[in-house]
S.K.: 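One structure coming up, written as structure tokens, with questions to follow.
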Amino acid sequence: MTKPGEEKANEWDTDAYDEEHSFVFEYGEGVVDLLEPAKDERILDLGCGTGHLTAQISNSGANVVGLDSSEEMVAKARKTYPECEFVHADARNFAFEDPFDAVFSNAALHWIPEQDAVLDSVADALVPEGRFVAELGGAGNVAAIVNAVRKEAAEHGYEVESPWYFPSIGEYATKLESHGFETRHATLFDRPTELDNGPDGLAEWLSMFGDSLLSVVPDEDQSTIISAVEDRLRDDLLQNGTWIADYRRLRVVAIQTRK
Ligand code: BEZ
């Protein structure tokens with residue numbers, strides 16, 4: 001348990017992440033298409049998780065480096081894809097000797113409120129005219145779930161704040177420009193997402209991704225709050241025994257023009 005105001009990083013069960021929440025990297029395949037990786041390009045996969053998309057990008061013949069801040073994720077990625085290179089580093093503060101032709105990121109950046117620090121590092125890591133291709137949760141992402149958790153937690157006397165960064169197109173394009181990027185493509189779209197594990201899907205999702213959301217709630221109150229959240233959301237998000245989370249995605253392609 002963490003006291004209000006203390007930062008708490010999400011704890012990752014890498015096997016459950018791969019087996020029960022595989023939609024995260026399966027949906028990311030569309031972002032790889034947007035990247036259009038080419039043979040011999042040098043590409044950084046920022047927030048690579050267990051490395052599935054890193055490996056997929058390397059199938060194009062590109063030289064890919066996967067980077068993640070979770071030691072557990074990096075260890076699993078190295079074990080699963082020994083032919084790929086993975087580094088354990090912080091997206092807010094990384095540096096490489098050789099620049100990259102492109103930086104790619106799927107479903108990782110919304111974990112990092114300090115987005116200016118990330119974009120500084122990304123800009124530094126790219127060649128002139130290098131591209132940044134990313135998907136993250138966009139404005140309104142999982143709003144129904146976050147609101148239900150906040151209301152239910154408030155009824156139990158806890159003040160829950162969303163730990164995630166879900167920007168609008170305008171906000172993110174402005175930020176990109178302030179870091180020397182020109183935004184060539186930006187789209188914000190609803191992507192209702194089926195959660196695995198049938199009727200337990202929402203509770204499992206909260207236990208995989210919601211550590212930080214629920215960090216102010218003591219362990220002994222969490223299951224009561226989670227089942228009350230399920231009651232609040234059942235009519236809107238449970239369909240034929242499957243939970244459908246109200247995901248919204250922001251996709252961007254930007255070119256580094258300041259160099
Ligand atoms: C997302 O991928 O949109 C997401 C992941 C974890 C928590 C919240 C949102």
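Just so you know, ligand 1 is whichever comes first in the structure, and atom 1 is the first atom listed for that ligand.
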S.K.: Tell me whether Arg249 has any N or O atom under 3.5 angstrom from an N or O of ligand 1.
M.R.: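 Among all N and O atoms of Arg249, at least one is under 3.5 Å from an N or O of ligand 1.
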S.K.: Rounded to the nearest 0.5 Å, what's the gap from CG on Asp101 to CG on Leu44? Could you check?
M.R.: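 The CG atom of Asp101 sits 11.5 Å away from the CG atom of Leu44.
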S.K.: Side chain or backbone of Phe23 under 4.0 Å from ligand 1, or both, or neither, by non-hydrogen atoms?
M.R.: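 Under 4.0 Å from ligand 1, Phe23 contributes no heavy atoms.
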S.K.: Distance under 4.0 Å to a non-hydrogen atom of Phe166: what atoms of ligand 1 satisfy this?
M.R.: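 With Phe166 as reference, the close atoms of ligand 1 come out as 8 (C), 9 (C).
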S.K.: Counting from 1, what ligand 1 atoms have a heavy atom of Asn141 closer than 4.0 Å?
M.R.: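 Heavy-atom distances to Asn141 below 4.0 Å select 1 (C), 3 (O), 9 (C).
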S.K.: Hey, can you tell me if Trp205 and Phe209 have their rings parallel, tilted or perpendicular (30° and 60° cut-offs)?
M.R.: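 Ring orientation of Trp205 relative to Phe209: tilted.
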S.K.: Mind checking whether Trp164 and Trp111 have parallel, tilted or perpendicular rings, split at 30° and 60°?
M.R.: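 The rings of Trp164 and Trp111 stand perpendicular, inter-plane angle above 60°.
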S.K.: Please report the shortest heavy-atom distance between Asp246 and Ala144, naming the atom on each side.
M.R.: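 What the structure gives for the nearest pair is OD2-N, 2.7 Å.
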S.K.: Look at the aromatic rings of Phe132 and Phe181 and report parallel, tilted or perpendicular, splitting at 30° and 60°.
M.R.: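 Tilted.
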S.K.: Closer than 4.0 Å to some heavy atom of His110 - which atoms of ligand 1 meet that?
M.R.: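 So the answer, numbered in order with elements, is 1 (C), 2 (O), 3 (O), 4 (C), 5 (C).
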S.K.: Enumerate the atoms of ligand 1 whose separation from the nearest heavy atom of Phe209 is less than 4.0 angstrom.
M.R.: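 Those qualifying, in numeric order: 6 (C), 7 (C).
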S.K.: Do NZ/NE/NH1/NH2 and the carboxylate oxygens of Glu182 and Arg184 come within less than 4.0 Å?
M.R.: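 Here Glu182 pairs with Arg184 in a salt bridge, since their nearest N and O are under 4.0 Å apart.
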S.K.: Considering non-hydrogen atoms of the protein only, which is the closest contact for atom 6 (C) of ligand 1, and what is the distance?
M.R.: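 Scanning the protein heavy atoms, the shortest distance from atom 6 (C) of ligand 1 goes to Trp111 CZ2, 3.5 Å.
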